[in-house]
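All values below come from the heavy atoms of this structure, side chains included, with hydrogens, waters and symmetry mates left out. Just so we're clear, the structure is a prediction, and the values are computed from it rather than from any experiment.
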Amino acid sequence: MFDPATLALYMAAALALNLTPGPDMLFCFANGVSRGPRAGLAAALGIGGGAAVHTMAAALGLAGLFAASPLAFEILRWGGAAYLLWLGVKALRSTAPGLGAAVPLPPRPAGRIFLDGMVTNVLNPKVALFFIAFLPQFVDRSHDAVLQILVLGTLGNISGTTINALVGMSSGGVGRVLARQPLVARLLNGFTGVVFLGLAARLVLADGRPK
């Protein structure tokens, strides 16, 4: 179904893109630092779940709606920003008022962190547009396009999820060591909140639809 050279080119391009720091990687890093390796892994798996949804949407043609409908794009974009804003405010509110005090982020089940990652990824219309713009470049029109997009999207998702998991888990180990210092723990909570707020602002302020 795939020409080996084309598949190799796709995997090289996907790996390069996945290694480039972006919102998804930063989301995994922030969760790992603030809640530990398990949270970093859960965030990465959630991002992967969102990417799987985008892959399915691209394969079925549903993601084309966002390229054609400015209203649908804006609704999704603002919904994603609002969700990230909510996460950021929660993280900032967990910081203690005293300079030396430290209140760790409240425990959050891995399943909830997974859902956070999935929702933030699914509610990012830029990801949907990326999938419908990037994947078709490697599709052989003489074969089943839907199946090819599913396979390509899944392979790229495995690569991205692996990298994000490594980032989340490794940052989680660092965060766990640093959190033993009360002031550092408080700063880590603040860092996490700022990251989420920054991601929300990025989603709102980014130039919306591709020209």
Side-chain angles (χ1 to χ4, degrees), residues 1-2 4 6-60 62-63 66-67 76-77 80-81 83-84 87 110-139 145-175 192 195-196 198-200 202-203 206 210:
M1 178 170 58
F2 292 105
T6 300
L7 186 59
L9 177 62
Y10 167 76
M11 291 306 299
L15 180 61
L17 290 169
N18 291 329
L19 286 171
T20 302
D24 290 345
M25 186 181 291
L26 195 55
F27 183 86
C28 298
F29 178 81
N31 273 282
V33 165
S34 60
R35 290 190 170 97
R38 186 180 179 188
L41 175 60
L45 294 177
I47 294 293
V53 172
H54 284 298
T55 298
M56 289 290 296
L60 299 176
L62 298 179
F66 304 120
L76 197 66
R77 184 163 69 100
Y83 190 75
L84 285 166
L87 292 176
R112 292 296 300 276
I113 297 174
F114 173 91
L115 185 61
D116 288 343
M118 187 170 183
V119 170
T120 55
N121 188 270
V122 169
L123 292 181
N124 187 346
K126 282 285 192 176
V127 179
L129 293 174
F130 169 79
F131 270 79
I132 61 176
F134 181 68
L135 295 182
Q137 299 180 46
F138 301 91
V139 170
V146 172
L147 179 59
Q148 290 181 76
I149 289 178
L150 287 174
V151 172
L152 291 173
T154 299
L155 290 175
N157 193 11
I158 291 173
S159 170
T161 300
T162 300
I163 292 171
N164 284 333
L166 291 174
V167 170
M169 289 189 294
S170 61
S171 66
V174 173
T192 301
V195 167
F196 289 157
L199 292 176
R202 183 181 185 277
L203 194 56

Output a table of donor-acceptor pairs, distance under 3.5 Å, between side-chain atoms of residues 10-18 and any protein atom two or more places apart or on a different chain; print 'none' if there are none.
unit_1: Tyr10; atom_1: OH; unit_2: Leu152; atom_2: O; d: 2.4
unit_1: Asn18; atom_1: ND2; unit_2: Ala14; atom_2: O; d: 3.0
unit_1: Asn18; atom_1: ND2; unit_2: Gly156; atom_2: O; d: 3.3
unit_1: Asn18; atom_1: ND2; unit_2: Ser159; atom_2: OG; d: 3.0

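Remark: Leu19 CG to Met25 CE distance equals 6.5 Å, nearest 0.5 Å. Rounding to the nearest 0.5 Å gives a distance of 10.5 Å between CE of Met118 and CG of Leu123. Rounding to the nearest 0.5 Å gives a distance of 10.5 Å between CG of Leu166 and OG of Ser171. Between Ile47 atom CD1 and Thr161 atom OG1 the span is 8.5 Å, to the nearest 0.5 Å.
Thr154 approaches Leu150 most closely through the heavy-atom pair OG1-O, 2.7 Å. Contact between Val146 and Ala59 at its shortest, heavy atoms only, is CG2-O, 3.4 Å. Shortest non-hydrogen contact noted between Phe114 and Leu45 is CE1-O, 3.2 Å. Nearest heavy-atom pair, Thr55 versus Ile149, reported as atom, atom and distance to 0.1 Å: CG2-O, 3.7 Å. Nearest approach of Ala42 to Ala110, heavy atoms of both residues: CB-O, 3.5 Å.
Residues satisfying the salt bridge (charged side-chain N to carboxylate O under 4.0 Å, His left out) criterion with Asp24, sequence neighbours excluded, are absent altogether. Annotation: side chain to side chain contact (heavy atoms under 4.5 Å, CB included) contacts of Ala43 (sequence neighbours excluded): Phe27, Cys28, Asn31, Ile113.
The side-chain heavy atoms of His54 and Asn157, taken from C-beta on, include no pair separated by under 4.5 Å.
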